[in-house]
**Student:** 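The structure is given below, and queries will be raised subsequently.
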Amino acid sequence: MINIDNNIDKIIKLFNDHKKEIYVVGGATRDLLLGLTPLDYDLTTNALPHEIETILKDYRIDKRGKHFGSYSLVVDNLSIQITTYR
């Protein structure tokens, strides 16, 4: 059983509620498979940038990477980056 952070679980459910795919990728995936607790999470989604902003409207997001389809946020001291599929 993989124990994913509750905040990540909430974000995944939020995207799923909007009928969007979203996956944990990168180092967090490796850490979870090794039974370690990730220090940060990278997520990828089929949501377009404007859809990500709508889905995350209740979160404070950093939009500096918007032109790359990438957004950053911090929830309970957990760094999260969400990027549209490339």
Side-chain angles (χ1 to χ4, degrees):
M1 179 61 114
I2 294 177
N3 290 324
I4 196 163
D5 185 276
N6 287 334
N7 291 303
I8 299 301
D9 191 47
K10 287 177 188 176
I11 289 172
I12 290 171
K13 287 180 183 174
L14 189 58
F15 274 75
N16 289 335
D17 288 347
H18 284 83
K19 308 294 189 232
K20 295 297 176 181
E21 298 171 357
I22 190 163
Y23 301 97
V24 177
V25 296
T29 303
R30 175 203 58 229
D31 292 346
L32 290 167
L33 291 172
L34 292 173
L36 303 172
T37 301
L39 299 176
D40 63 350
Y41 281 83
D42 294 312
L43 306 174
T44 189
T45 179
N46 65 337
L48 298 174
H50 70 277
E51 294 172 315
I52 293 172
E53 289 183 35
T54 300
I55 293 168
L56 298 176
K57 67 181 177 4
D58 294 331
Y59 289 87
R60 185 173 174 206
I61 57 174
D62 181 345
K63 299 177 185 178
R64 285 182 277 186
K66 178 179 180 174
H67 57 282
F68 296 112
S70 185
Y71 294 88
S72 298
L73 58 149
V74 176
V75 181
D76 294 335
N77 294 320
L78 182 65
S79 176
I80 304 165
Q81 186 166 11
I82 302 174
T83 305
T84 300
Y85 295 159
R86 298 194 178 167

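The basis for the numbers below is simple: all heavy atoms, side chains too, and nothing from hydrogens, waters or symmetry mates.
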**Student:** Would you give the length of the straight line joining atom CG of Asn16 to atom CD1 of Ile55, rounded to the nearest 0.5 angstrom?
**Tutor:**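 Answer rounded to 0.5 Å: 9.5 Å.
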**Student:** Mind checking what makes salt bridge (Lys or Arg N to Asp or Glu O under 4.0 Å) contact with Arg60, not counting sequence neighbours?
**Tutor:**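 Partners of Arg60 under the salt bridge (Lys or Arg N to Asp or Glu O under 4.0 Å) test: none.
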**Student:** Please answer: with hydrophobic residues joined when any side-chain heavy atoms are less than 4.5 Å apart, are Ile4 and Ile82 in the same cluster?
**Tutor:**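 Yes: a chain of side-chain contacts under 4.5 Å links Ile4 to Ile82.
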**Student:** Residues sharing Leu34's hydrophobic cluster, by side-chain heavy-atom contacts under 4.5 Å among ILVMFWY, directly or via others?
**Tutor:**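 Reading the cluster by chain and number, Leu34 sits alongside Leu36.
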**Student:** Taking only residues two or more places apart in sequence, or in another chain, which ones meet Asn7 in a side-chain hydrogen bond (donor to acceptor under 3.5 Å, both in side chains)?
**Tutor:**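 side-chain hydrogen bond (donor to acceptor under 3.5 Å, both in side chains) list for Asn7, sorted by chain: Asp5, Asp76.
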**Student:** I need the Ile11 CD1 to Ile80 CD1 distance, nearest 0.5 Å.
**Tutor:**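 These two atoms lie 3.5 Å from each other.
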**Student:** Which Ile, Leu, Val, Met, Phe, Trp or Tyr residues join Phe68 in one cluster when any pair of side-chain heavy atoms under 4.5 Å counts as a link?
**Tutor:**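 Reading the cluster by chain and number, Phe68 sits alone, since nothing else belongs.
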**Student:** Other than Leu48, which residues form its hydrophobic cluster under the rule that side-chain heavy atoms must be closer than 4.5 Å?
**Tutor:**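 Members alongside Leu48: none; it stands by itself.
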**Student:** Does Thr29 have any side chain to side chain contact (heavy atoms under 4.5 Å, CB included) partners at least two apart in sequence or in another chain, and if so, which?
**Tutor:**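 Expected list: Val24, Leu33.
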**Student:** Does Lys20 have any salt bridge (Lys or Arg N to Asp or Glu O under 4.0 Å) partners at least two apart in sequence or in another chain, and if so, which?
**Tutor:**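 With sequence neighbours excluded, Lys20 shows a salt bridge (Lys or Arg N to Asp or Glu O under 4.0 Å) to Glu51, given in chain and number order.
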**Student:** Quick one: list whatever passes side-chain hydrogen bond (donor to acceptor under 3.5 Å, both in side chains) with Tyr41, sequence neighbours left out.
**Tutor:**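 Per chain and number, Tyr41 pairs via side-chain hydrogen bond (donor to acceptor under 3.5 Å, both in side chains) with no residue.
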**Student:** Could you check whether any side-chain heavy atom of Leu14 comes within less than 4.5 Å of a side-chain heavy atom of Lys10, counting everything from C-beta outward?
**Tutor:**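 No. Closest side-chain heavy atoms not under 4.5 Å.
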**Student:** Could you state the interatomic distance from CD1 (Ile22) to CD1 (Ile52), rounded to the nearest 0.5 Å?
**Tutor:**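 Going from the CD1 atom of Ile22 to the CD1 atom of Ile52 covers 7.5 Å.
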**Student:** Going through the distances and angles, do Leu39 and Asp31 end up as a side chain to side chain contact (heavy atoms under 4.5 Å, CB included)?
**Tutor:** CA-CA 9 Å; Leu39 299 176; Asp31 292 346; 5.8 Å; no
**Student:** Distance-only, no hydrogens or angles: does the Thr45 side chain make a donor-acceptor pair with backbone N or O of Thr84 under 3.5 Å?
**Tutor:**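 Such a contact is absent between Thr45 side chain and Thr84 backbone.
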**Student:** Applying a strict under-4.5 Å side-chain criterion to I, L, V, M, F, W and Y, I'd like to know whether Tyr23 and Ile2 cluster together.
**Tutor:**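 Unlinked, Tyr23 and Ile2 end up in two clusters.
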**Student:** Side-chain contact, heavy-atom cut-off 4.5 Å: Phe15 with Leu56?
**Tutor:**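 Counting from C-beta outward, Phe15 and Leu56 do come under 4.5 Å.
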**Student:** Residues in salt bridge (Lys or Arg N to Asp or Glu O under 4.0 Å) with Asp9, at least two apart?
**Tutor:**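 With neighbours one apart ignored, the set is Lys13.
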**Student:** In Å and rounded to the nearest 0.5 Å, what is the NZ to OH distance from Lys63 to Tyr71?
**Tutor:**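 The NZ atom of Lys63 sits 7.0 Å away from the OH atom of Tyr71.
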**Student:** Would you find more than 12 non-hydrogen atoms of other residues, nucleotides or ligands less than 6.0 Å from Asp17 atom CG?
**Tutor:**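 Yes, enclosed.
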**Student:** Can you name the salt bridge (Lys or Arg N to Asp or Glu O under 4.0 Å) partners of Asp62, sequence neighbours left out?
**Tutor:**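 By the salt bridge (Lys or Arg N to Asp or Glu O under 4.0 Å) rule, Asp62 matches Arg64.
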**Student:** Mind checking what makes side-chain hydrogen bond (donor to acceptor under 3.5 Å, both in side chains) contact with Tyr85, not counting sequence neighbours?
**Tutor:**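 Result, side-chain hydrogen bond (donor to acceptor under 3.5 Å, both in side chains) vs Tyr85: Glu21.
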**Student:** Which residues pass the side-chain hydrogen bond (donor to acceptor under 3.5 Å, both in side chains) test with Ser70, sequence neighbours left out?
**Tutor:**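 Here the qualifying residues are Gln81, Thr83.
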